[in-house]
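Both ligands and their constituent atoms are indexed starting at 1 by order of listing.
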Amino acid sequence: MTDQSYDGAAQLADVNEAILQAAKTVDRDPGEVSLVAVSKIHGVERIRPVLQAGHRLFGENRVQEAEQKWPQLRQDFGDVTLHLIGPLQTNKVKAAVATFDVIQTLDREKLARALAKEFARVDKHLPVYIQINTGEEPQKAGILPTDADAFIALCRDELQLEVCGLMCIPPVDEEASLHFALLAKIAARNGLTGLSMGMSADFETAIAFGATHVRVGTAIFGSRPKPPLK
Ligand SMILES: *Cc1c(COP(=O)(O)O)cnc(C)c1O
C-alpha cells in the first residue's frame, strides 16, 4: 500500500494551518484547539509520516485495531496520546483501558459502570467524554440531550469519573452548526469545558462554536480504504 502521492506531513501542516486560521477568525487562542488525528482503517505506513512530523495525538474507533497498530508505534515514538472515538462494548472495556488514554464515547450507564469498575481495578483513571446524540437519531449511539444533565451527574458524582467534556457526531444531512451549538450549551450548563466536535468537512465551523478537540481523519490521511466485504 505504498502510495507516492501521499504526503502525511504536508496534509497535517495544512490542517494545522486551517485550525490556526479558523481560531483566529473567531478570536480564539489556537492553543485551545487540539487536533485528534483519526487514523482508523489506515495502516502504520500512513501513520508513521504524521508521527515523524511531530504529531502525537491520535484517534481510533476500534479497540482491536488499535491493539494491533499502536503498541509498536508507541514504542517507536513515545508520548503518544490515543483517544477511543468509536463505540465501546462492555466486554472490550478491559482491553480499551489498557490500550487508550482517553475514552470519548461514553454513551450509556452500563458502560459508565463497567469503566468505573475497571479504572478502580487497575488503578488507571482515564479521562472520559460523554457522547451526546444531538440529532436524536435512533441508530446512533449517545445520550439524548434531555437525559444529558442527569447522566453527567451520575458519571461525575456517583461514579467519580473524570468527565472532561462532551462529544457529538451530527447527522450527515443536517446543518452541523446547530448540533455544535447544542453540545456547547449542554456542556456550559454542566460546567464542562471539553468539546469534541468537528471532522474533516466541518472542523472549522466546530472551532467557531467552541470545539476544544477536532477529530480529523480524511484531510490528513486521505480517503480510507473500503473494508473488505464480509
Ligand atoms: C472517522 C471519524 C472521524 C473522522 O472523520 P473524517 O471525515 O475522515 O475526518 C471523526 N470522528 C469519528 C467519531 C469518526 O468515526
Side-chain angles (χ1 to χ4, degrees), residues 1 3 6-8 10-19 22 33-44 46-47 49-50 55 57-70 81-89 92 96 99-108 111 126-137 139-143 164-177 179-180 182-184 187 194-227:
M1 258 214 282
D3 180 353
Y6 172 66
D7 186 344
Q11 286 169 214
L12 173 71
D14 286 350
V15 171
N16 274 323
E17 179 60 25
I19 289 171
V33 184
S34 298
L35 171 60
V36 180
V38 177
S39 48
K40 67 182 185 201
I41 318 262
H42 291 294
V44 294
R46 285 224 162 194
I47 304 173
V50 175
H55 198 76
L57 175 56
F58 291 83
E60 289 279 351
N61 72 332
R62 293 167 137 266
V63 176
Q64 210 177 353
E65 184 183 340
E67 275 180 315
Q68 285 163 7
K69 280 150 61 173
W70 283 94
T81 302
L82 197 58
H83 287 220
L84 177 64
I85 61 160
L88 177 56
Q89 293 163 354
K92 298 254 175 71
T99 305
F100 289 89
D101 303 296
V102 175
I103 308 291
Q104 285 207 9
T105 44
L106 173 50
D107 61 359
R108 60 199 192 279
L111 178 60
L126 302 186
V128 299
Y129 286 72
I130 293 170
Q131 182 174 354
I132 306 292
N133 187 354
T134 57
E136 305 185 28
E137 295 172 280
Q139 83 287 5
K140 196 169 271 178
I143 301 292
C164 11
L166 306 178
M167 81 85 92
C168 75
I169 309 169
V172 283
D173 52 359
E174 284 182 30
E175 178 59 46
S177 57
H179 297 273
F180 298 154
L182 175 58
L183 196 72
L195 285 173
S196 173
M197 56 193 198
M199 321 204 309
S200 291
D202 53 22
F203 68 88
E204 286 143 311
T205 308
I207 290 168
F209 282 84
T212 59
H213 291 73
V214 291
R215 308 179 308 265
V216 179
T218 310
I220 299 171
F221 298 103
S223 56
R224 288 177 283 274
K226 293 263 184 293

Sequence neighbours excluded, which residues qualify as ring pair (Phe, Tyr, Trp, His ring centres under 6.0 Å) partners of His179?
none
Heavy atoms under 4.0 Å from ligand 1: which residues qualify?
Val38, Lys40, Ile85, Ile169, Met199, Ser200, Arg215, Val216, Gly217, Thr218, Arg224
Rounded to the nearest 0.5 Å, what separates atom OG in Ser196 from atom CD1 in Ile130?
13.0 Å
Sidechain-backbone polar pair: His213 side chain, Arg215 backbone, donor-acceptor under 3.5 Å:
no
Do NZ/NE/NH1/NH2 and the carboxylate oxygens of Glu137 and Lys140 come within less than 4.0 Å?
yes
4.5 Å side-chain heavy-atom contact, Gln131 and Asn133
no
Just so I know, are the side chains of Phe203 and Val33 near enough to count as touching, which here means a heavy-atom distance under 4.5 Å?
no
